[in-house]
K.L.:
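Got a structure for you, questions after.
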Amino acid sequence: MDATFTTGKELQKMDPVFGQLSFDDHEQIVFCNDKDTGLKAIIGIHNSVMGPALGGTRMWNYNTEWEALNDVLRLSRGMTYKSAITGLNIGGGKAVIIGDAKTQKTPELMRKFGEFVHSLSGRYITAEDVGMETKDMDTVRDVTPYVTGISEERGGSGNPSPVTAYGVYLGMKAAAKSQFGSDVLDGKKVLVQGIGHVGETLVEYLTKEGAQVTITDINEEKLYQVASKYNATIYTGEDLYTADVDIYAPCAMGATINDNTVDKIKAKVIAGAANNQLADENVHGARLQERGILYAPDFLINAGGIINVYAELANYGKAEIMSKTENIYNTTLEIIDFAAKNNITTHKAALTIAQNRIDARKIENAKK
């Protein structure tokens, strides 16, 4: 083999699945390809101890197939712990479709994706995520029952984004209570990065409470629209991580807390909707702790969406959806307390409690 193909990075890619940290003992990974529709998708089932794997489908124009694979692995793993920490009897899975959702997504492509989901016989149940809409889940529903987040007209729970935003808002308030001594956000300076479905609703909650909200997004048209609607400030500085704010709320893509940003952050609380905010959960989680920055674990506080779509499987209504989501506030405080007592990061504390629940269920399942 040519020596140019044996660098460290290339060696890593020679073991692109089992050799990755993000693989983390995934049970099943399915590569989906359809020439006629142009579908290229990956479904990751991380863990089904608690039940069938439930998690949304993300459509994103990834730079490489490797980037898509790593994303679905990290997201799928996160879903396992999100469901477990929230007390849901469901496993963790996720799917990604490679492509531009604005120009390449078609009903035919979504139906073909639904057929691949159906072929797994219920081991994976999909829902919407970045690049997806409720109408897309309705299209998938045409070919498989293994989908949630369908429209209320078709008996579903509808768009989960508002519930996700509510959970993030409550998790942020709990973190503020621990860090600042009060959960009142009136007057607090909050930077919201990413104002999609969830981010915009979070801005609405924060604005109503009187927080000083600054927003940033790659979509300039949406940026000015939301700024005008909620009287929010648009961030115009060169490096948003150095912004003089009390709370940083990442609500776009993951890994924004990384080697390049972790020492720049001035905020004292990080609480947002994005998945996998820590590029390296051990290294960057520890660094935030050393710097006295309180991190509200993403897979805990953004669990409102999974609570909302899980309702379709567990047959509970809006009142219970909101009750379970409101409990994110108490769980966040418990995680922060557990972390302090055990001198570990909040991320590690949340993972530990979630894993304990999974291990207990595994023992129960073995006895049956």
K.L.:
Not counting sequence neighbours, which residues clear salt bridge (Lys or Arg N to Asp or Glu O under 4.0 Å) with Asp186? List them please.
P.N.:
none
K.L.:
Do you see a donor-acceptor pair shorter than 3.5 Å between the side chains of Ser157 and Glu312?
P.N.:
yes
K.L.:
Pairs in or reaching into residues 340-364: which pass ring-ring contact (aromatic ring centres under 6.0 Å, His included), with residues at least two apart or in two chains?
P.N.:
Phe299-His347
K.L.:
Lys82 and Asn275: side-chain donor and acceptor closer than 3.5 Å?
P.N.:
yes
K.L.:
Let me check something: do Val245 and Val192 share a hydrophobic cluster, defined by ILVMFWY side-chain heavy atoms less than 4.5 Å apart, either directly or through other members?
P.N.:
no
K.L.:
So, the side chain of Asp136 versus the backbone of Met110: is there a donor-acceptor pair under 3.5 Å, distance only?
P.N.:
no
K.L.:
Say whether His46 and Ser76, considering side chains only, have a donor N or O and an acceptor N or O under 3.5 Å apart.
P.N.:
no
K.L.:
Quickly, which of Ile234, Ile195, Val213, Asn219 forms a side-chain contact (heavy atoms from CB on, under 4.5 Å) with Val226? Name it, please.
P.N.:
Ile195
K.L.:
Kindly list each side-chain donor-acceptor pair under 3.5 angstrom involving residues 168-175, sequence neighbours excluded, with atom names and distances?
P.N.:
| unit_1 | atom_1 | unit_2 | atom_2 | d |
| --- | --- | --- | --- | --- |
| Tyr169 | OH | Glu209 | OE1 | 2.3 |
| Lys173 | NZ | Asp183 | O | 2.9 |
| Lys173 | NZ | Glu209 | OE1 | 3.1 |
| Lys173 | NZ | Glu209 | OE2 | 2.9 |

K.L.:
Is there a donor-acceptor pair closer than 3.5 Å between any side-chain N or O of Ser323 and the backbone N or O of Ala319?
P.N.:
no
K.L.:
How long is the straight-line distance from OG1 of Thr37 back to NZ of Lys40, given to the nearest 0.5 Å?
P.N.:
9.5 Å
K.L.:
With sequence neighbours left out, what residues match Arg357 under salt bridge (Lys or Arg N to Asp or Glu O under 4.0 Å)?
P.N.:
none
K.L.:
Ignoring hydrogens and geometry, is there a side-chain-to-backbone donor-acceptor pair from Ser83 to Met79 under 3.5 Å?
P.N.:
yes
K.L.:
Same cluster for Tyr310 and Tyr124 if Ile/Leu/Val/Met/Phe/Trp/Tyr side chains link at under 4.5 Å?
P.N.:
yes
K.L.:
Sub-3.5 Å donor-acceptor pair from the side chain of Gln179 to the main-chain atoms of Gly292, do we have one?
P.N.:
yes
K.L.:
Measure the spacing between CD1 of Ile301 and OG1 of Thr331 and express it to the nearest 0.5 Å.
P.N.:
12.0 Å
K.L.:
Can you tell me if Tyr248 and Thr256 form a side-chain donor-acceptor pair at under 3.5 Å?
P.N.:
yes
K.L.:
If you measure only the distance, is there a donor-acceptor pair under 3.5 Å linking the side chains of Thr242 and Asp239?
P.N.:
no
K.L.:
Is there a donor-acceptor contact under 3.5 Å from the side chain of His118 to the main chain of Tyr146?
P.N.:
no
K.L.:
Does CD in Glu65 sit with more than 12 non-hydrogen atoms of other residues, nucleotides or ligands closer than 6.0 Å?
P.N.:
no
K.L.:
Could you measure the distance from the CG atom of Leu278 to the CD1 atom of Ile270? Nearest 0.5 Å is fine.
P.N.:
7.5 Å
K.L.:
For the backbone of Glu200 and the side chain of Lys229, can you confirm whether one donor and one acceptor N or O come within less than 3.5 Å of each other?
P.N.:
no
K.L.:
Can Thr148 and Ile125 be said to form a side chain to side chain contact (heavy atoms under 4.5 Å, CB included), step by step?
P.N.:
CA-CA 7 Å; Thr148 57; Ile125 301 167; 3.9 Å; yes
K.L.:
What's the spacing between Lys177 NZ and Leu333 CG if we round to 0.5 Å?
P.N.:
7.0 Å
K.L.:
Please report the C-alpha distance between Asp142 and Arg154 in whole Å, then the side-chain angles of each, then the deciding distance to 0.1 Å, and finally whether the salt bridge (charged side-chain N to carboxylate O under 4.0 Å, His left out) criterion is met.
P.N.:
CA-CA 11 Å; Asp142 289 340; Arg154 295 188 63 169; 3.1 Å; yes
K.L.:
Which residues satisfy the salt bridge (Lys or Arg N to Asp or Glu O under 4.0 Å) test with Glu133, sequence neighbours excluded?
P.N.:
none
K.L.:
Mind checking salt bridge (Lys or Arg N to Asp or Glu O under 4.0 Å) for Lys208 and listing every partner two or more places apart, or none if nothing turns up?
P.N.:
Glu204
K.L.:
Could you verify whether a donor N or O on one side chain and an acceptor N or O on the other, from Asp359 and Gln355, lie under 3.5 Å apart?
P.N.:
yes
K.L.:
Could you state the interatomic distance from CE (Met137) to CD1 (Ile150), rounded to the nearest 0.5 Å?
P.N.:
10.5 Å
K.L.:
Taking the side chain from Gln289 and the backbone from Ile344, do they hold a donor-acceptor pair closer than 3.5 Å?
P.N.:
yes
K.L.:
Under 3.5 Å, is there a donor-acceptor pair between the side chain of Gln277 and the main chain of Asp298?
P.N.:
no
K.L.:
Are Leu54 and Val198 linked, directly or through other ILVMFWY residues, by side chains that come within less than 4.5 angstrom of each other?
P.N.:
no
K.L.:
Hey, could you give me the CG/CG distance between Leu73 and Leu69, rounded to the nearest 0.5 Å?
P.N.:
4.5 Å
K.L.:
If you apply the rule ring-ring contact (aromatic ring centres under 6.0 Å, His included), what do you find for Tyr166 with Tyr205, and how did you get there?
P.N.:
CA-CA 8 Å; Tyr166 185 51; Tyr205 278 117; 5.5 Å; yes
K.L.:
Could you report the tightest heavy-atom contact between Glu67 and Thr64, atom names first, then the distance?
P.N.:
N-OG1, 3.0 Å
